[in-house]
Amino acid sequence: MKTELDQSEMRRYLQVVPLFSVLSDDERARLAKGCRLCRFSRGDMVARMGDPCESFFVVIVGQVKLSISSPSGQEKVIEIVGPGHSFAEAMMFLEKPYILNVQALGDTMLMCISKQAVFSEIEQDPRFALRMLAGISRRLHGLVQDVEGYALQSGAQRLIGYLLRDVEDGDHTSGTAITVSLPVSKATIASRLSLTPEYFSRVLHELEADGLIAIDKREIRILDVVRLTNYGSN
């Protein structure tokens with residue numbers, strides 16, 4: 001579903017997106033002409049594998065799931081993209097169809113930026129291409145880290161790393177407790193970590209039995225950050 005906005009409203013949306021916040025007013029005005037907002041409900045498909053890719057997207061509200069499916073129907077979640085982050089840039093530049101499925105995980109609003117608008121802005125200012133390249137590079141770095149984790153870490157270590165993903169080194173001392181809210185279902189996170197849902201749940205309950213976490217549906221209370229970190233390194 002597309003949402004029509006006047007150009008001043010679209011420029012305001014562009015201003016709060018990190019990728020575009022450094023643009024001048026004139027640059028945002030040019031880019032806004034090739035943008036639109038699209039709203040999706042939970043479960044709606046944003047794009048399917050094989051669809052033509054004529055634009056890229058920035059998540060304004062909500063989350064989308066990037067995934068692939070095997071011939072048998074088994075799904076592998078590649079990435080979960082939240083507000084302020086973009087996706088589909090690489091496919092747009094390659095002029096290839098989507099190689100994965102994109103699905104809204106809840107009520108979601110996306111900014112759709114057309115390929116023509118991006119290419120036109122790059123011609124106007126090559127620095128815009130550098131910002132686009134930086135975003136693509138960050139995603140590549142994340143995928144390399146994923147591969148490294150799959151190859152070198154146990155499933156339990158990957159799960160613990162996910163729980164501790166927003167904890168900065170040195171921010172917590174032994175005995176400190178924090179609460180982590182799982183943004184999506186446990187099954188979706190398990191697929192993202194290349195774990196089965198059964199294994200994911202088993203490790204969570206083992207950690208709870210060891211007194212490291214407390215589980216309340218999607219709320220995970222980490223009872224001791226240091227102990228949990230050391231548990232993952234054993």
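Basis for what follows: all heavy atoms, side chains included, without hydrogens, waters or symmetry-related copies.
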Next on the checklist: Is a donor from one side chain sitting under 3.5 angstrom from an acceptor on the other, for S201 and E198?
Outcome noted: no
Next on the checklist: Distance alone, cut at 3.5 Å: any donor-acceptor contact between the side chains of E219 and S181?
Outcome noted: yes
Checklist entry - Do R221 and D216 come within less than 4.5 Å of each other through their side chains, counting heavy atoms only? => result no
Checklist entry - Do F93 and V118 touch side chain to side chain, with heavy atoms closer than 4.5 Å? => result yes
Item to check | Partner of V81 by side-chain contact (heavy atoms from CB on, under 4.5 Å), out of T108, L66, V102 | outcome: L66
Next on the checklist: Testing K115, E95, M92 one by one against C53 for a side-chain contact (heavy atoms from CB on, under 4.5 Å), which residue passes?
Outcome noted: M92
Under 3.5 Å, is there a donor-acceptor pair between the side chain of [X] and the main chain of [Y]?
X	Y	answer
S191	I189	no
Q157	S154	yes
D224	V226	yes

Checklist entry - More than 12 non-hydrogen atoms from neighbouring residues, nucleotides or ligands closer than 6.0 Å to CZ on R127, yes or no? => result no
Checklist entry - So does K76 have more than 12 non-hydrogen atoms from other groups sitting under 6.0 Å from NZ? => result yes
Check [X] against [Y] and note the closest heavy-atom contact, atom names and distance.
X	Y	answer
R42	L105	CG-O, 3.5 Å
C38	C112	SG-CB, 4.3 Å
L193	L159	CD1-CA, 3.9 Å
M91	P97	SD-O, 4.1 Å

Item to check | Single-linkage hydrophobic cluster, 4.5 Å side-chain cutoff, I99 and V46 together | outcome: yes
Next on the checklist: Applying a strict under-4.5 Å side-chain criterion to I, L, V, M, F, W and Y, I'd like to know whether M45 and L100 cluster together.
Outcome noted: no
Checklist entry - Between E75 and K65, does at least one N-O distance fall below 4.0 Å, as a salt bridge requires? => result yes
Checklist entry - Is any side-chain N of the basic residue among R48 and D51 closer than 4.0 Å to the acidic one's carboxylate O? => result no
Checklist entry - Taking the six-membered ring for Trp, are the ring centroids of Y162 and F200 within less than 6.0 Å of each other? => result no
Checklist entry - Under the salt bridge (Lys or Arg N to Asp or Glu O under 4.0 Å) criterion, do E121 and R30 qualify, and how do the steps go? => result CA-CA 8 Å; E121 192 56 38; R30 289 197 302 264; 2.8 Å; yes
Checklist entry - Does the pair L14 and M111 meet the rule for a side chain to side chain contact (heavy atoms under 4.5 Å, CB included), with working shown? => result CA-CA 9 Å; L14 287 170; M111 178 179 289; 3.3 Å; yes
